[in-house]
Amino acid sequence: MENLPWFLLLIPIASAAIIQLGLKKSAALSSALSTISVLATFIIAVLLLGKDFSSSFNWIEAGTLRLNIGFKLDQLATCMMIVVTGIGLLVHIFSLGYMRDDPAKARYFGCLSLFMFSMTGIVLSSNFVMMFIFWELVGLSSYLLIGHWYQKDTAADAAKKAFLVNRIGDFGFMIGILMLWAITGTVVFEAMNGASLDTAGTYLAGTAILLVFCGAVGKSAQLPLHVWLPDAMEGPTPVSALIHAATMVAAGVYMMARTFFSLGITAENMEILGNAPDVIAWVGGITSLVAALMATQQNDIKKILAYSTLSQLGYMVMAVGLIAPEAGMFHLFTHAWFKALLFLGSGAVIYACHHEQDIWKMGGLLKKMPITAITFLIGTLSLTAVPFTSGFYSKENILIAAKDSPLLYIAVGVAALTTFYMFRLFFIAFLGKARDHGSKDAKEVPVVMWGPLALLTAAAIASPFFSQFFPTNGHVEVHAVPHFGDKLVLMSLGAFATGFVFAFLLYFGKDKEPISIPLFRNKFYLDIIYQRLVTVFQDAVAALVHFFDEFIIGGLLVDGATRSAQGVGNIFRRFAQNGSLSSYAYLMGLGAVLVIYFTVFAK
C-alpha cells in the first residue's frame, strides 16, 4: 500500500512516453492506452483515500540543503488526487467522442498523459523544489494542450500567452521558495516550522508568503495575471474542463493550502505574516467580483464559463487569505465536479451545433438535447448555490469565514452575479427557439459523451458528503448540513433570488441582447491596456537596442576603429604615395636633413 503512490506518477509518464515514442501513428491505441492509464490512477487514488503516509529518497545534498524525491500523502493530497484522476478519467472518456475525427488525436492523448503526470506530481510532492519542477511541467503541458490546434493563430497565440503570463508569477514563486528556505532552513513540507516565521519578523515572513502567492496568482489566474485563462478556451473543450476548470487552475489554491498547513498558520497566529493574509484575501475577492462582472456580457459559451472559473477561484483564494484554507479546498473539491460538468456540457452543445459557440445563435436545445440540458441545469444549480446542491454547502463555509470581514458583501454580491449570468446562459441557449442552423440541426450527443456528463452530475451531487475526508485547521467547520435560520444562509438565498429574477426579466424569451455594457463586454479593457503596454515596452526596448547597436557598437567601436585606420592610411597615402615627383624629392630632402641632424647635432 505504501508504494502505491509511486504508481500515480509512473503510470501516466509511462503512457506519455509510449505514445510519443511508439504510438504516434495509431490514434486508437494511443487513446486506449491513455484512458486505461488514467483509469488505473483513479483506482489507486480511491484506494488511498483517507490514508496518511510519506516516502522519499535522497536526491541532492549540498551543505545544509537536502532535497528528496518523494511523496507526502495526507488528507489534503488524497482529496486533491481524487479530483485530478476522477475528472481526468471522465475527460478522457469524453474526448474519445469529441476528438474522434481529429487528425492529431494520438498527440492529444499523449499530452493528456503528460499533464496527468505533471499534476499528480504537484499533489504528491513532499517539498517545494519537487513541487516547482512539476509546476513548470504543468505549464508545459498546458502550452501543448491549449495550442493543440496550433494551425489557428488564435490557438497558438493563446498557448504562448498562457505560458508567458504564468512565467511572471512563477518567477515570484521561485524567489518565495528561496526566502522560505532561508527563514525555515528547509524546503520539505513536514520539516517546516512556523515558529521560524516569528523569528524572521512579520516583514520578511509576509514578503515570503506573498512571493509564494505569486505562483498562485499566475496558475490560478488571479488579478492582474488573469488574462491568460479566457484565451485558453482556444484549446479543445475537454482540455478546458480538465485544465482550466478543475485541476491546473486549482493548483495555486492547493499550493497555498499546503503552505499554510505546513507552516501551521491559523487564525490565532496569523499576525506573524503581517498584512499578507489581507492582501491575499482582497486579491481573491476583487478577482471574484471583476470576473463575475465580465461574465455578464460575454456571448461565447466557453468564455462565460471561463470567467465563472476565475470568479470561483477568487472565492477559494479569498478563503485562504481569511485563514480558512480548508474551506477553500472544500469549495475547490465541489466546484471541480460541477464546473467540469458545465464545461463538458458546453462541449457537447458546441459539438451538436457544428462547433458554434455564440449563445445567441443557439436556442431550443432543451428539446433537442434533453440529457445534456438537464445535466447542464444541475451544474448551473450547483454553481449558483441552490440549497442542497454541492455549491451551496461549500460556498456557505466561505461565507462563514468572511462573516467578520467586508469581503462578505463582495462574496454575496458575486453570488447574485453568478446566478444572473448562468441563468442568462441557460435561458438563451437551452430555452426559446432555435436561432441558427446549428441549433436547428442539433441532436443529443452519443453515450460516450453524455455518459461522463451523467457521472459528473452524480459526483457533483454527492461531493459535499466527502467533507469528512478534508483536513481542518480549527477555523472553519466543514459540514454538509445547512442552518437555514442563519443570517448568512438567508443572505445567500437572497442573492440567488435577486440574480434569478433579473436574469428572468431581462433574458427569458429574448432573441437579442437587451442591455449593453461595453466596460464588462470588453473585460475592463485590461487586455487592450496590457497589449499596448507590451507594445510600448517592446518598442522602447527595441529603440534602445537599435541605438546601442547602431551608434555605440557599430558607430564608435566597429566602424570607429575602421574609420580611424582608414584616416591614418589616407594621411600617409596623401603625402607618401600621391604620385608627385616633386613631393617625393621634398620628402627625400627632408629625410636627409633629419638624418644629418640626428647623427651630427643630436649627440
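Numbering of residues begins at 1 and proceeds along the displayed sequence. Keep in mind that this is a model prediction, so the values were computed, not measured.
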Would you sort out whether K523 and I528 count as a side chain to side chain contact (heavy atoms under 4.5 Å, CB included), showing the intermediate values?
-> CA-CA 9 Å; K523 300 162 285 189; I528 297 174; over 6 Å; no
Those residues that, when tested against A385, pass side-chain contact (heavy atoms from CB on, under 4.5 Å) (two or more places apart) = F392, K395
Assess whether atom CG of N522 is packed by more than 12 heavy atoms of other residues, nucleotides or ligands within 6.0 Å.
-> yes
Side chains of L322 and S405: does their closest heavy-atom pair fall under 4.5 Å?
-> yes
For the pair F109 and L112, evaluate side chain to side chain contact (heavy atoms under 4.5 Å, CB included) and give the outcome as yes or no after the intermediate values.
-> CA-CA 5 Å; F109 277 95; L112 281 184; 4.1 Å; yes
Is the backbone N or O of G264 less than 3.5 Å from a side-chain atom of N269, with the two atoms forming a donor-acceptor pair by type?
-> yes
More than 12 non-hydrogen atoms from neighbouring residues, nucleotides or ligands closer than 6.0 Å to CD on E271, yes or no?
-> yes
Step by step, work out the ring pair (Phe, Tyr, Trp, His ring centres under 6.0 Å) result for F128 and F189.
-> CA-CA 7 Å; F128 261 125; F189 295 128; 4.9 Å; yes
Quick one: side chains of residues 293-301, donor-acceptor pairs under 3.5 Å with protein atoms, not counting sequence neighbours, listed by atom name and distance.
{"from": "T296", "atom 1": "OG1", "to": "L293", "atom 2": "O", "distance (Å)": "2.6"}
{"from": "Q297", "atom 1": "OE1", "to": "I517", "atom 2": "N", "distance (Å)": "2.8"}
{"from": "Q298", "atom 1": "NE2", "to": "M294", "atom 2": "O", "distance (Å)": "3.1"}
{"from": "Q298", "atom 1": "NE2", "to": "F520", "atom 2": "O", "distance (Å)": "3.4"}
{"from": "Q298", "atom 1": "NE2", "to": "R521", "atom 2": "O", "distance (Å)": "3.3"}
{"from": "N299", "atom 1": "OD1", "to": "W360", "atom 2": "NE1", "distance (Å)": "3.1"}
{"from": "N299", "atom 1": "OD1", "to": "R424", "atom 2": "NH2", "distance (Å)": "3.0"}
{"from": "D300", "atom 1": "OD1", "to": "K302", "atom 2": "N", "distance (Å)": "2.9"}
{"from": "D300", "atom 1": "OD1", "to": "K303", "atom 2": "N", "distance (Å)": "3.4"}
{"from": "D300", "atom 1": "OD1", "to": "Q357", "atom 2": "NE2", "distance (Å)": "3.1"}
{"from": "D300", "atom 1": "OD2", "to": "Q357", "atom 2": "NE2", "distance (Å)": "2.9"}

Determine, step by step, whether Y254 and M329 satisfy the side chain to side chain contact (heavy atoms under 4.5 Å, CB included) criterion, reporting the C-alpha distance in whole Å, the side-chain angles of both residues, the deciding distance to 0.1 Å, and the verdict.
-> CA-CA 7 Å; Y254 172 81; M329 285 300 300; 3.9 Å; yes
Do L381 and F376 touch side chain to side chain, with heavy atoms closer than 4.5 Å?
-> no
Once you round to the nearest 0.5 Å, how far does CG of L456 lie from CG of L341?
-> 5.5 Å
Assess whether side chain to side chain contact (heavy atoms under 4.5 Å, CB included) is satisfied between I304 and I359, documenting all intermediate values.
-> CA-CA 10 Å; I304 296 171; I359 58 174; 3.9 Å; yes
Is a donor on one side and an acceptor on the other found under 3.5 Å between the side chain of T41 and the backbone of T85?
-> no
Short question: side chain of Y393, backbone of F330 - any donor-acceptor pair under 3.5 Å?
-> no
Centre of F171's six-membered ring, under 6.0 Å away, within 45 degrees of the axis: is that where NZ or CZ of R167 sits?
-> no
Using the benzene-type ring in the case of Trp, are the ring centres of F213 and F173 under 6.0 Å apart?
-> no
Student check: side-chain heavy atoms of P518 and Y525 closer than 4.5 Å | yes
Under a 4.5 Å cut-off applied to non-hydrogen side-chain atoms, are T309 and K339 in contact?
-> yes
Could you check if a side-chain atom of M362 sits within less than 4.5 angstrom of a side-chain atom of V349, using non-hydrogen atoms only?
-> yes
Keeping the roles fixed (side chain from Y108, backbone from M99), state whether a donor-acceptor pair exists under 3.5 Å.
-> no
Using only heavy-atom distances, determine whether the side chains of D157 and T154 contain a donor-acceptor pair under 3.5 Å.
-> no
All heavy atoms of L344 vs all of F94, minimum pair found to be O-CZ, 3.3 Å
Nearest non-hydrogen partners of V38 and G88, listed with the distance | CG2-C, 3.8 Å
Cut-off 3.5 Å, side chains only: do T334 and S463 have a donor facing an acceptor?
-> no
Can you check whether W228 reaches F163 side chain to side chain, under 4.5 Å on heavy atoms?
-> no
G252 backbone acceptor or donor facing S220 side chain under 3.5 Å = yes
Side chains of S34 and H92: do they bring a donor and an acceptor to under 3.5 Å?
-> yes
Salt-bridge present (K161, D527; N to O < 4.0 Å) = yes
For F524, does the CZ atom sit with more than 12 other heavy atoms under 6.0 Å from it, leaving out its own atoms?
-> yes
Would you check if there is a donor-acceptor pair between the side chains of T266 and E268 at a distance under 3.5 Å?
-> yes
Side-chain donor-acceptor pairs of residues 281-290 under 3.5 Å, sequence neighbours excluded:
{"from": "T287", "atom 1": "OG1", "to": "L223", "atom 2": "N", "distance (Å)": "3.0"}
{"from": "T287", "atom 1": "OG1", "to": "V283", "atom 2": "O", "distance (Å)": "2.7"}
{"from": "S288", "atom 1": "OG", "to": "S311", "atom 2": "O", "distance (Å)": "3.0"}
{"from": "S288", "atom 1": "OG", "to": "S311", "atom 2": "OG", "distance (Å)": "3.3"}

Answer yes if the ring centres of F500 and F423 are under 6.0 angstrom apart, and no otherwise.
-> yes
Do any N or O atoms from the side chain of T120 and from the backbone of M116 form a donor-acceptor pair under 3.5 angstrom?
-> yes
Evaluation steps, side-chain hydrogen bond (donor to acceptor under 3.5 Å, both in side chains), between S125 and K72 | CA-CA 6 Å; S125 294; K72 176 178 174 58; over 6 Å; no
